[in-house]
Undergrad: 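Encoded as C-alpha cells, here's the structure I'll be asking about.
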Amino acid sequence: MPTILHLDMDAFYAAVEQASKPSLRGRPVIVGGIGPRGVVATASYEARRFGVHSAMATAQARRLCPNAAYLAPRFDLYRRVSETVMGRLRELSPLVEPLSLDEAFVDLEAGGESDRLAGLEPAEVAEAVRGIGRELRRDIRLATGLAASVGVAGSKMLAKIASERAKPDGLVVIEPGTERALLGPLTVRTLPGVGPATAEHLRRAGIATVAEVEEAGEAELIRLLGRAHGASLYAMATGRDDRPVVAERDAKSVSAEDTFEVDLTDRAQVRAEVSRLAERCVRRLRDAGRSGRTVVLKVRRYDFSTLTRSDTLRAPTDDPAVVTETAQRLLEGVDTTGGVRLLGVGVAGLADFTQEDLFAQAAAARTADGGTGADGAAAGDGELPGAAAGPTTGPAVGAAAGPGTARTAGGPGAGAGGPPGPGGAVRSAGGRWWPGRDVRHARHGHGWVQGSGLGRVTVRFEEPDSPPGRVRTFRDDDAELEPADPLPLVPGVLPPPER
DNA sequence: TCTGGGGTCCTAGGACCC
DNA sequence: TCTGGGGTCCTAGGACCC
C-alpha cells in the first residue's frame, strides 16, 4: 500500500533566499561557498537552465551563469523554515524521519492519518493519500511560502523516486502493481547506494538499467560489489525495500572542518587551525549533550589526497583540552609538506552522557562502595577525561586566526546566519558584509548585502513582503549600517500586500 | 579558478581474547 | 610441535547521501 510519503522542498536554500529577497524572484540564484574554492549547495531552477547544479565548483557556475546572485548560505534561517515544515509533517504522523533540512519520510500508517486509510481498497488508498499530499503541499506553501514536492509509495525508495518525478512543485503517487514496470527502464543511478563508482563498476559489467540489475541476479551482484552492497542492490532493483521509517536517530559522530582559500604551509598555522577546529567540534558536541571516545583528525593535502588519523580514549570526553591535545598528537604523525588544503577534527564513538555524568557516576561508585559496585564506572576510573590529559587549560585558540588566515568558510560558513563567530576571528570572502546577509540602516531600513569590497558595501533595501527594492552603496564602516536578523518570509509570498 | 561540510555505512586487516 | 575458529575492538580508507 502507498503509505510512505517523501517530501522534498524545491531548490530549498535558493527558494528561501528568493522568498526573503523580492528582487531575486524569477532570477537565477546560487547558494553555496562563494570563495575561490566554494561549491554550489543549491541552484534555483532559473540557474539550472544555465547548467548549474549542486556540487559544482562555484567558479564554474560563475562562468556558466555570471549574472546569477551568488549568496552564502544562512543555515540558521533554513533551519527555522525547516522546523516549520517538519512540524507540518508531524501533524500527519509521529513517525517522521528527516533526512536533511529539506527532506523527510513520513509513515502515514503510524499516524492519525491511518484512520483515513483503514479498511480501504488499494485504489482508494491511493486516492486518499493523494488528498493528504495535496493538503500537505498547500499547508506548507501557506506556512512558508515555499514549494514542496511530494511522493507517496509503498517503500522509502519508491516514495523518493516518486517525489523526484513530482519535481518541481508536484505530487506523484505510485500505485501498487506498477512498481516494476516503472523501475525497469531507469538508470542504476536511481537506486539508493549507487553513486559514480558503483555505476561505473556496473557499467563495465554491462549493467546500466534497473532491469539489468535484476537480470544479473543476486549472486552476480554480490560477486561484483560485495556481500552487503550486492544484496541490498538486488533487493532494491526488485522493488523490495522494507527499511522502516525511523524517527530521531542519535548522531554517531560530530565534526568540524574547513577548507582554506590558500593551502597552509606553515606548520605552526596548521597546529593553530587544528586547535580552532577541535574547539568548534567540542562546542557542537557539548551543545548536543554528548561525549565521545574516538578523536579523528582529517587532513586534505594540496593534491587533494585525504587521510585520517584517529585515537580512541579509555573513556568518553567532551573536554576541549583533551580533544585538542589528542588532535595535536595525531597531527604530529602527519607529513604536511607541500601544503594543507583542508583540516578537520571529529569525535566519534559517542556516548549519551557528558563528562559531568561520568564524574558523578564515579563519585557515586566510590561512596556507594558496595562490593560489586566497582564495575562500569570504575573501569574508566583514573582514566576519566580531564584527569587523563596533561594541561588543564585549553590551547591558545585566541591566537588561532591570525590576520593572514584565509578561510573559505567565510562568515556564514561557520556561523550560518548567526553571528559570524565568536572572538572576532578574521573572516575572508567579504568579512562582516558577506553577500546575502540581512542588514538594517538607520535611515533606509531593512535590506541585504549585495556585494562589498574596496571599503564599500552595496545594499538592496527590501523586505520579504515589499516590492523589489533599490540599491545604495555605503562606506563599509558606516555607523548607520548594522547586521540584522532575517525577517519572516511568509507575508511577502502570500497574495501581494496592499500598499 | 576544478573539487564544501556535515554525516552514514561498509570493508579489510591486525590485535587480542577465549 | 603445529596451529583452531569465533568474536570484538580498533584503524584507515572509500563510497555514498544531502
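Residue numbers begin at 1 in each chain, while the letters A, B, ... track the order of the sequences. Treat the numbers as computed from the prediction; the structure is a model and nothing was measured.
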Undergrad: Going by distance alone, is a donor N or O of one side chain under 3.5 Å from an acceptor N or O of the other, for T317(A) and D319(A)?
TA: no

Undergrad: Atom CD of Q60(A) to atom P of dG4(B): distance rounded to whole Å?
TA: 13 Å

Undergrad: Pick the closest DNA chain B nucleotide for A55(A) and for L225(A) by heavy atoms, then say which residue is nearer the 5' end.
TA: A55(A)

Undergrad: Is there a donor in the side chain of R267(A) and an acceptor in the side chain of T336(A), or the other way round, less than 3.5 Å apart?
TA: yes

Undergrad: When you check the glycosidic angle of dC2(C), does it come out syn, meaning within 90° of 0, or anti?
TA: anti

Undergrad: Treat primed atoms plus P, OP1 and OP2 as sugar-phosphate and everything else as base, then score nucleotides 10-15 of chain C 5' to 3': B for base contact with protein heavy atoms under 4.0 Å, S for sugar-phosphate contact only, - for none.
TA: SSSS-S

Undergrad: Ignoring backbone atoms, establish whether R300(A) has a side-chain N or O less than 4.0 Å from OP1 or OP2 of dT3(B).
TA: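 No, outside the criterion.
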
Undergrad: If you measure from the P atom in dC17(B) to the same atom in dT3(C), how many Å do you get, rounded?
TA: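 Approximately 23 Å lies between the P atom of dC17(B) and that of dT3(C).
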
Undergrad: Examine the side chains of T312(A) and R293(A) and answer whether a donor and an acceptor come within less than 3.5 Å of each other.
TA: no

Undergrad: Contacts to DNA chain C from residues 86-107 of chain A, heavy-atom cutoff under 4.0 Å, which residues?
TA: S100(A), D102(A), E103(A)

Undergrad: Given dG7(B), is OP1 or OP2 found less than 4.0 Å from the side-chain N or O atoms of K252(A)?
TA: no

Undergrad: Could you tell me whether the side chains of S255(A) and R284(A) share a donor-acceptor contact shorter than 3.5 Å?
TA: no

Undergrad: From dG7(B), dG5(B), dG4(B), pick the nucleotide closest to the side chain of E257(A)?
TA: dG5(B)

Undergrad: So what's dC10(C) paired with, Watson-Crick or G-U wobble, going by both distances under 3.5 Å?
TA: dG13(B)

Undergrad: Does a nitrogen or oxygen in the side chain of R341(A) sit under 4.0 Å from OP1 or OP2 of dG4(B)?
TA: yes

Undergrad: Looking only at side chains, do D8(A) and S149(A) share a donor and an acceptor under 3.5 Å apart?
TA: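 No - no donor-acceptor pair under 3.5 Å links their side chains.
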
Undergrad: Can you find a side chain N or O atom of S255(A) that sits less than 4.0 Å from OP1 or OP2 on dG7(B)?
TA: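 Indeed, a polar side-chain atom of S255(A) lies that close.
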
Undergrad: R63(A) CZ to dC2(B) C1': how many Å, rounded?
TA: 8 Å

Undergrad: Which one, dG6(B), dG4(B), dT1(B), comes nearest to the side chain of R280(A)?
TA: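 For the R280(A) side chain, the nearest candidate turns out to be dG6(B).
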
Undergrad: For dT1(B), does OP1 or OP2 lie under 4.0 Å from any side-chain N or O of T58(A)?
TA: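 So the side-chain polar atoms of T58(A) never come under 4.0 Å of the phosphate oxygens OP1 or OP2 of dT1(B).
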
Undergrad: Answer with yes or no whether the side chains of E17(A) and Y78(A) bring together a donor and an acceptor at under 3.5 Å.
TA: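 Their side chains do contain a donor-acceptor pair, which is all the 3.5 Å distance test asks for.
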
Undergrad: State whether E257(A) and K298(A) are salt-bridged, where the test is any N-O pair (Lys NZ or Arg NE/NH1/NH2 against Asp/Glu carboxylate O) under 4.0 Å.
TA: yes

Undergrad: Between R203(A) and E200(A), what is the shortest heavy-atom contact and its length?
TA: NH2-OE2, 2.9 Å

